[in-house]
**Q** 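Right, I'll just put the structure down here and ask away after.
Because the structure is predicted, anything quoted here is derived from the model rather than measured. Residue numbering restarts at 1 for every chain, and letters A, B, ... go by the order of the sequence lines.
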Amino acid sequence: MAVVDERFMDLNMGPQHPSTHGVLRLLIKTDGEVVSRVTPYIGYLHRALEKIAERLTYPQFTPFTDRLDYLASMNCNLAYALTVEKLLNIEIPRRAQILRVIMAELNRISSHLIAFGSLSSDMGAFTPFLFGIREREFINDLFEMVCGARLTYNYIRIGGVAQDIPDGFIDKTKEFLDYFPPKIKEYNDLLSYNAIFIKRLANIAVISPEDALDYGVTGPNLRASGIKWDLRREEPYLMYNELDFDIPVGRGEMGRVGDAWDRYMMRIYEMEQSAKIVRQCIDMFQQGDHIAKVPKVLKVPAGEVYVRAENPRGELGFYLISDGSTKPYRLKIRAPSFANLSIVPKLSGGVMIADLVAIIGSLDIILPEIDR
Amino acid sequence: MDAKQIYQTLSEKFTGRIKQFQENTHPASVVVESDAIVDICSFLKRETELEFTSMISLSGVDLKDQGKMLVIYHLGSIRHKHKIALKVELDRNNPHVPTVEKVWPGANWYEREAYDLYGIVFDNHSDLRRILLPDDWEGWPMRKDYVYPKRYHTWDV
Amino acid sequence: MTENSKGYFKKMLDAVKSVFTGLGVTIGYGVSPGREVTQQYPEVKREPYDRFRGKLFVDINICTGCTACARICPVDAIVLKTVRDENKKLRPVVFDIDNARCIYCGLCVEACPVDNCLYFRKEYEFSSYSKDELISHFGLGELPQPDKPAADRPSPDMPAQAGPAKDQPVQGKTDETRKEEGK
Amino acid sequence: MGVLEDRLPENILFTTVDKFLNWSKKSSLWYMLFATACCGIELMQTGASRYDLDRFGAVFRATPRQSDLMIVAGTITHKMADRVKKLYAQMPSPKYVIAMGSCANTGGPFYKDSYAVLKGVDRIIPVDVYVPGCPPKPEALIEGIMKLQERIMEKKTLVKK
């Protein structure tokens, strides 16, 4: 007979729980309020994307990258396209590059809006969630205008983008850029600097820089720990090296560097920066092709590449092995949330159960890319 | 430090345990003996000139035609901004490799994933269970010769 | 008053102040709502944008039966079966689109070599009580048998090139282009 | 309706009572917040400011014990399928299921090549309305809910079928 530790009880959170951001299951060992150990159980959304990639041709797999991190489909499309292009060794037209940056940054904003909204609703404030969705709908409209879908875009393709932008897109984007930055002040008034909200998040679940690196945490979560690391700067792809933007770094404004509040605030700062990038891109617009010449039957030269891009949640990498045929031999997806979630057991010893929700929310994980 | 220099440093330090240097991959990769992987990884992490602070990714690859399995470690350094891939070749029928969990704790989940999908056993791993698939799943689905099951529990697959 | 209690009151004041800052935002919306957000859906329907990927349609009369769409489809949502008619032209006898399985990615529309043959309509309200209703059939049907009257034709709008009813269906030359199922 | 269900003769009183019961059921479709994948985001957006599902009396509940409607929004894998069955069993009667999006309808994008995905949620629980789309527009989901409301109105509860 197994020995039962009488001090603790097991508590299941998920897989169906509103604040686990999808189908995450956490097995919590607790004495009632204070958590002693958390074991995440993942894989409830394992859809075998890597296996599917081996059975489909390169262009056919693009729609599946939409479903990788559906809050930032454009970024996932982009990372996949960059990977295949690296092996194909083709030059992307300038206009396509600008379009790609615009889409990626708009999607970054809309993804961070969900992060902002869902964290606030986890913390018990529902209004900011509605505010976040309201602005997100604006971006969804922009995307529907340009590619015809609201969530799974399949827009950034190998070699460029699927279609050139329609008339009126630039005006509408400009309208959004005028509309959006003032809203950030609203968010700050409503939520970021609310004393109760700060009390819930400041000094909670501090990730030290060493831990962050050990566990492979990337993206805003890593920057919140005070490490200035952004692939858009460190390994510039597309035309990011020509753009002027800041990389916000956690400063421990409300508590210690790398706490939950810092992680939350990184996203607010990054939305501002993304809006700035989109504005610059619109000014840089020039005529040209939207897609490079790509053969209809795409045979990718044999080789191995690992290409990574900065997604809203961190570093999304594709490790592609090609054997020269029309299908990938192996496509490994390095998902940012996978690494970000793996630090949760380390963070959550000794916290309250209510703080656990804050930890998950502030890490902004998304399950489809963890489970793939 | 570029990949070539890293390779030279490694081959000086670990004579005979480094098998091959592949320059045409991106990032360049070094094929090493499987039982030396822990020593090499901790050397790469500790040495101040290399300082591979984090493991970016760990992937299993099934080379069915050659009867081999690969484990590929993508390593990156935040300070020096260089990258390298380490490759370990394993026997396909009995893939065993020591765990690097002690070097980078983040490797824990990646190794569980490789175990789950490829059946690669990581020796001395603290918690080697299936991670993505249900515990009662049969077979290693990412292997090239995997046959899809017909039924699972009470319904058709 | 001790130092401690001073901090206590300051914290309380901060909390109240920040709550009122937040309330200021919501009250602001109460006073002047700004742009209207909520759409009164069933009464007021927003027209989707021109590129909207809604329900997939095919103009079967101009379809050349090249099967490019069925081959590019990553989920096998298009089932296409063709036979050669007496003019050696491919005739799409079965053209089924499973809307329940379609992922609306648009790869097929791009692959289609004929203009306006395969296209998305701005139609999105077609939920149903059964899954079978979600499969749209566009196929022209088998060539008419000689002994059958013309009224028995499966599709009323038969194209001109299908030939008169007396023609025999070309047996043995059937192009089984539908993708192999269940690998 | 317990003991009275299916027992009463068809007459003007009981059909009116039935209608009233159906009307109250249809006007308070509390749906369970059960989102697994992409469609979950569209479900959230349907419930939020722009489409405002509350207008139809549909409010989300976080627990199956309080919900009448399960909107299966997203991919159901084999690992998850047992939980879905359990969640469905936990819901009180009368209960309805909407399969939202291609994944819940047929397995959608993962129909052909995936070993881990359940090919249609109707293999494990009964589905009332299928809403196509990948993911469906919020309007399409609302239309699906309206279709379900129509079906609820047609149902007979007390009166003999």
Side-chain angles (χ1 to χ4, degrees), chain A residues 12 14-23 25 41-56 60-61 63-64 66-71 73 110-111 114 117-118 121 126-127 129-138 140-141 144 149-152 154 366-368 371-372, chain D residues 32-52 54 60-64 67 70 72-84 86-88 90 101-103 107-118 133-141:
Chain A
N12 252 317
Q16 185 268 330
H17 190 280
S19 57
T20 50
H21 294 215
V23 281
R25 177 177 155 221
Y41 285 79
I42 59 173
Y44 289 96
L45 198 54
H46 175 60
R47 300 169 297 184
L49 281 171
E50 290 173 6
K51 188 78 177 179
I52 291 173
E54 289 174 13
R55 295 164 70 115
L56 293 177
Q60 276 183 327
F61 189 65
F64 290 87
D66 284 327
R67 286 142 186 97
L68 191 57
D69 172 359
Y70 44 70
L71 289 177
S73 300
S110 80
S111 166
I114 290 278
S118 55
S121 70
F126 199 63
T127 317
F129 173 77
L130 296 176
F131 277 41
I133 297 279
R134 184 188 62 192
E135 267 73 79
R136 195 185 146 84
E137 286 284 353
F138 205 134
N140 279 2
D141 268 7
E144 190 186 319
R150 285 163 49 85
L151 201 66
T152 46
N154 190 17
I366 184 143
L367 268 295
D371 296 344
R372 279 153 288 151
Chain D
M32 181 164 59
L33 197 62
F34 176 55
T36 58
C38 337
C39 291
I41 302 298
E42 287 294 67
L43 178 60
M44 270 159 61
Q45 288 185 212
T46 316
S49 29
R50 188 171 185 185
Y51 298 98
D52 195 12
D54 297 13
F60 73 81
R61 310 303 298 172
T63 152
S67 23
M70 183 182 201
V72 184
T75 323
I76 304 296
T77 58
H78 295 312
K79 198 174 180 179
M80 191 68 196
D82 277 332
R83 317 289 160 135
V84 177
K86 199 171 274 176
L87 284 171
Y88 180 73
Q90 282 174 344
S102 295
C103 289
F110 311 102
Y111 181 83
K112 197 174 72 166
D113 294 315
S114 179
Y115 50 81
V117 171
L118 183 72
C134 194
K137 263 170 95 76
E139 285 104 324
L141 177 63

**Q** Is it the backbone or the side chain of Leu130(A) that comes under 4.5 Å from a heavy atom of chain D, or both, or neither?
**A** both
**Q** Look at Asp371(A) together with Lys79(D) and state whether they make a salt bridge at an N to O cut-off of under 4.0 Å.
**A**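 No.
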**Q** Say you draw a straight line from OG of Ser114(D) to CG of Leu49(A); how long is it, rounded to the nearest 0.5 Å?
**A** 8.0 Å
**Q** Among Ala116(D), Ser49(D), Cys103(D), which residue forms the greatest number of heavy-atom pairs with chain A at distances under 4.5 Å?
**A**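 Heavy-atom pair counts peak at Ser49(D).
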**Q** So which residue, Arg134(A), Lys51(A), His46(A), ends up with the most heavy-atom pairs under 4.5 Å with chain D?
**A**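 Ranked by contacts with chain D, first place is His46(A).
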**Q** If you count heavy-atom pairs within less than 4.5 Å of chain A, which of Ala48(D), Cys38(D), Ala62(D) leads?
**A**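 Result: the option with the highest number of such pairs is Cys38(D).
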**Q** Which residue out of Cys39(D), Pro135(D), Gly74(D), Gly40(D) racks up the most heavy-atom pairs below 4.5 Å with chain A?
**A** Pro135(D)
**Q** Heavy-atom distance under 4.5 Å between the side chains of Ile133(A) and Arg50(D), does that happen here?
**A**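 A side-chain contact under 4.5 Å is absent here.
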**Q** Looking at residues at least two apart in the chain, or sitting in another chain, which of them share a side-chain hydrogen bond (donor to acceptor under 3.5 Å, both in side chains) with Arg83(D)?
**A** Tyr44(A)
**Q** Please state whether the side chain, the backbone, both or neither of Phe126(A) comes within less than 4.5 Å of a heavy atom of chain D.
**A** side chain
**Q** Looking at Pro64(D), Gly133(D), Gly107(D), Pro138(D), which one has more heavy-atom pairs under 4.5 Å with chain A than the rest?
**A**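 The answer is Pro138(D).
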**Q** Say you draw a straight line from CG of Asp113(D) to CD of Gln60(A); how long is it, rounded to the nearest 0.5 Å?
**A** 8.5 Å
**Q** Quick one: what part of Glu54(A) sits under 4.5 Å from any heavy atom of chain D, side chain, backbone, both or neither?
**A** neither
**Q** Determine the interplanar angle of the Phe64(A) and Phe110(D) rings, folded into 0 to 90°, and report it as parallel if under 30°, tilted if 30 to 60°, perpendicular if over 60°.
**A**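 Ring orientation of Phe64(A) relative to Phe110(D): perpendicular.
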**Q** Using non-hydrogen atoms only, which part of Ala35(D) is less than 4.5 Å away from chain A: side chain, backbone, both, or neither?
**A** backbone
**Q** Could you give the distance from CD (Glu42(D)) to OG1 (Thr152(A)), rounded to the nearest 0.5 Å?
**A** 8.5 Å
**Q** So for Ile366(A), is it side chain, backbone, both, or neither that comes closer than 4.5 Å to the heavy atoms of chain D?
**A** neither
**Q** In terms of heavy-atom pairs under 4.5 Å with chain D, which of Leu71(A), Ile114(A), Asp66(A), Asp141(A) leads?
**A** Asp141(A)
**Q** Less than 4.5 Å to any heavy atom of chain A: does that hold for the side chain of Leu87(D), its backbone, both, or neither?
**A**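 Only the side chain of Leu87(D) comes within 4.5 Å of chain A.
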**Q** Side chains of Gln45(D) and Arg150(A), heavy atoms from C-beta outward: is any pair under 4.5 Å?
**A**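 Yes, at least one pair of side-chain atoms sits under 4.5 Å.
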**Q** Identify, with sequence neighbours excluded, every residue that meets side-chain hydrogen bond (donor to acceptor under 3.5 Å, both in side chains) alongside Arg67(A).
**A** none
